[in-house]
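Worksheet: the structure to be examined is printed underneath.
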2 protein chains.
Amino acid sequence: MSFPSDPLVPARRAGRRPASSRAAIEEAAGELFLENTYGGTTIEQITTRAGVSRASFFNYFRAKSDLLWGDVDVLIADVASRLSVQRHDVAPLDGIRSAIISLVADITPDRIPLAITQWELMGVREDLLASGLPRFAALAAIVQRHLESRCHLAPALETRAAAFAVVGAVAAASELWASGGPERGSFSGMLDRAITPVCEGFARSVR
Amino acid sequence: MSFPSDPLVPARRAGRRPASSRAAIEEAAGELFLENTYGGTTIEQITTRAGVSRASFFNYFRAKSDLLWGDVDVLIADVASRLSVQRHDVAPLDGIRSAIISLVADITPDRIPLAITQWELMGVREDLLASGLPRFAALAAIVQRHLESRCHLAPALETRAAAFAVVGAVAAASELWASGGPERGSFSGMLDRAITPVCEGFARSVR
DNA sequence: GAGATAGTTGGACCGGGTACAACAATACGC
DNA sequence: GCGTATTGTTGTACCCGGTCCAACTATCTC
């Protein structure tokens with residue numbers, strides 16, 4: 001049972017109901033990207049197939065490239081909360097590694113963004129890169145904040161470098177895992193192998 | 001004295017002379033960015049001030065954001081040649097570190113891109129980020145190629161992770177150095193402090 | 001019903017980027 | 001000097017992503 005004040009059920013008070021949904025637009029976009037590549041698909045084509053107006057697209061996404069990153073943004077935002085519940089007696093860098101690994105363990109195959117699994121089919125490399133750095137920068141900022149809050153010995157340069165290096169390792173593992181065929185190993189294992197050396201390297205200067 | 005076949009002096013053979021130059025456009029752009037920020041300046045304003053047509057802009061730059069990266073692109077390209085002359089008896093990762101550090105040692109203050117020294121004045125963060133990842137990816141690819149060519153023990157995952165982590169450290173040091181005031185330390189020293197832990201961490205798995 | 005509210009839509013507009021054809025200036029062989 | 005190939009410049013038309021906004025529509029509550 002849900003109460004009117006239940007915060008989990010927004011309890012719509014008024015207003016017209018959404019005629020579409022992120023999912024519907026994402027689905028239409030995914031089809032078109034596979035047919036015509038990302039660059040060869042216009043927003044208008046996407047919204048037309050989804051049965052919405054072009055103007056509505058921007059009610060659901062801030063940019064076309066958001067379609068490529070699907071759940072990645074929410075995953076990144078999730079990192080912060082997973083970091084905050086880390087115990088204080090584990091080394092900060094180890095906490096970061098386990099937080100990130102625990103995150104990907106929760107990923108179900110259907111939540112993996114199309115752009116990642118279909119990579120080259122969509123001819124999407126350049127656009128992915130262009131829209132990617134802000135995401136990685138956001139993740140790095142989260143990691144760095146955590147390091148600064150948990151470390152006694154933590155010069156700004158080293159925390160920042162460690163954060164960026166961790167994110168770099170994550171990116172490397174993600175890209176390799178994404179482009180790997182079906183015989184690729186587990187994502188968690190790859191992330192571990194990529195991140196652990198970074199943690200070891202910075203263990204002395206960031207703790 | 002220069003001979004007609006001197007490859008360093010292209011010895012113009014025919015054709016109209018350039019009416020403008022990259023430098024002239026960069027200068028006009030720099031002024032306008034300081035006056036109106038990057039986002040508040042149009043390509044047309046830039047070319048008008050430089051006394052060229054808008055169409056000509058794209059003879060000199062592939063995109064507006066190229067103006068932000070000035071010499072960075074040539075520096076990145078330079079890394080490859082500096083890596084190729086590394087002796088084979090130094091650890092590959094150490095070679096990468098010293099190649100990068102030697103590179104910045106050659107930077108004269110006047111070659112530092114405006115966008116880096118004027119950072120926040122130009123309100124340029126988002127655009128820098130958006131156009132930055134392709135550059136960093138290019139650098140990472142160079143680093144990774146070098147690792148693969150020099151390493152006996154080098155699984156693809158680890159070389160890629162090491163390359164990305166190194167680039168992350170470089171990015172962190174660069175950003176911190178760029179945003180630091182006049183009392184900031186030496187760029188080389190900061191790079192060293194940022195990269196060394198990465199090299200140490202990957203020394204075991206990439207060699 | 002009357003509001004208030006939330007969502008949709010069309011249209012105007014801006015600016016980056018591409019494509020291309022016409023034009024201008026230079027070097028060279030004759 | 002004169003054609004000609006070459007190189008660079010310019011105007012123009014166009015596409016597309018993204019912003020802005022005012023009009024409209026459907027829903028909820030009183």
Side-chain angles (χ1 to χ4, degrees), chain A residues 2 4-6 9-25 28-29 32-33 36-69 115 122-124 126-131 134, chain B residues 2-6 9-25 28-29 32-33 36-69 122-124 126-131 134:
Chain A
S2 70
S5 61
D6 189 339
V9 179
R12 50 175 321 93
R13 301 188 62 78
R16 179 175 179 168
R17 259 177 231 152
S20 184
S21 68
R22 284 181 68 97
I25 297 178
L32 285 162
F33 291 170
N36 306 328
T37 76
Y38 175 84
T41 305
T42 69
I43 292 179
E44 192 158 17
Q45 291 173 319
I46 296 170
T47 52
T48 300
R49 181 167 300 198
V52 206
S53 77
R54 192 181 99 104
S56 270
F57 178 88
F58 296 97
N59 294 339
Y60 292 98
F61 303 91
R62 266 172 312 155
K64 186 187 178 190
S65 56
D66 283 7
L67 291 167
L68 298 176
W69 292 90
M122 296 181 171
V124 102
E126 297 77 11
D127 309 88
L128 253 193
L129 288 181
S131 55
Chain B
S2 71
F3 298 91
S5 61
D6 188 341
V9 179
R12 50 178 322 95
R13 303 188 58 79
R16 177 173 179 168
R17 254 174 232 156
S20 185
S21 69
R22 285 181 67 97
I25 297 178
L32 284 161
F33 291 171
N36 306 327
T37 78
Y38 175 84
T41 305
T42 70
I43 292 180
E44 194 159 16
Q45 291 173 319
I46 296 170
T47 53
T48 300
R49 179 167 302 197
V52 207
S53 77
R54 192 182 100 105
S56 269
F57 178 88
F58 295 98
N59 293 341
Y60 293 97
F61 303 91
R62 266 173 312 158
K64 185 186 177 190
S65 56
D66 283 7
L67 290 167
L68 299 175
W69 292 90
M122 297 183 172
V124 101
E126 298 76 12
D127 308 88
L128 254 192
L129 289 181
S131 55

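Below, chains carry the letters A, B, ... as their sequence lines are ordered, and counting in each starts from 1. Here the structure is a predicted model, which means the values were calculated and not measured.
Across every non-hydrogen atom of A:S20 and A:I25, the tightest pair is OG-CG1, 4.0 Å. Between B:K64 and B:T41 the shortest heavy-atom distance is NZ-O, 2.7 Å.
Side-chain nitrogen and oxygen atoms of A:S53 include none within less than 4.0 Å of the OP1 or OP2 phosphate oxygen of C:dT8. Not one side-chain nitrogen or oxygen of A:Y60 sits closer than 4.0 Å to the OP1 or OP2 atom of C:dG7.
At the heavy-atom level, A:A55 lies under 4.0 Å from base atoms of the strands shown.
You'll find that the side chain of A:P18 is closest to C:dG7, out of D:dT10, C:dT9, C:dG7.
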Would you tabulate the pairs of protein nitrogen or oxygen atoms and nucleotide nitrogen or oxygen atoms of nucleotides 2-5 of chain C closer than 3.5 angstrom?
{"from": "C:dT5", "atom 1": "O2", "to": "A:G15", "atom 2": "N", "distance (Å)": "3.1"}

Sub-3.5 Å pairs of nitrogen or oxygen atoms, protein against nucleotides 14-18 of chain C:
{"from": "C:dG16", "atom 1": "OP1", "to": "B:T41", "atom 2": "O", "distance (Å)": "3.4"}
{"from": "C:dG16", "atom 1": "OP1", "to": "B:K64", "atom 2": "NZ", "distance (Å)": "3.0"}
{"from": "C:dG16", "atom 1": "OP2", "to": "B:I43", "atom 2": "N", "distance (Å)": "3.2"}
{"from": "C:dG17", "atom 1": "OP2", "to": "B:K64", "atom 2": "N", "distance (Å)": "2.7"}
{"from": "C:dG17", "atom 1": "N7", "to": "B:R54", "atom 2": "NH2", "distance (Å)": "2.7"}
{"from": "C:dG17", "atom 1": "O6", "to": "B:R54", "atom 2": "NH2", "distance (Å)": "2.7"}

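Regarding B:R17, its CZ atom lies at a distance of 5 Å from the P atom of C:dT26, rounded to whole Å. Atom CG in A:N59 sits about 15 Å away from atom P in D:dC21, given to the nearest Å.
The shortest distance between side-chain heavy atoms of B:S56 and B:T47 does not fall below 4.5 Å. At least one side-chain heavy atom of B:P134 sits under 4.5 Å from a side-chain heavy atom of A:L129. Counting heavy atoms from C-beta on, the side chains of A:L67 and A:I46 come closer than 4.5 Å. Contact annotation: the side chain of B:V124 never approaches that of B:F33 to less than 4.5 Å [non-hydrogen atoms, C-beta and beyond]. Side-chain contact between B:Y38 and B:L128 is absent, with no heavy atoms from C-beta onward closer than 4.5 Å.
Listed by chain and number, the residues in a side-chain hydrogen bond (donor to acceptor under 3.5 Å, both in side chains) with A:R22 amount to none (sequence neighbours excluded).
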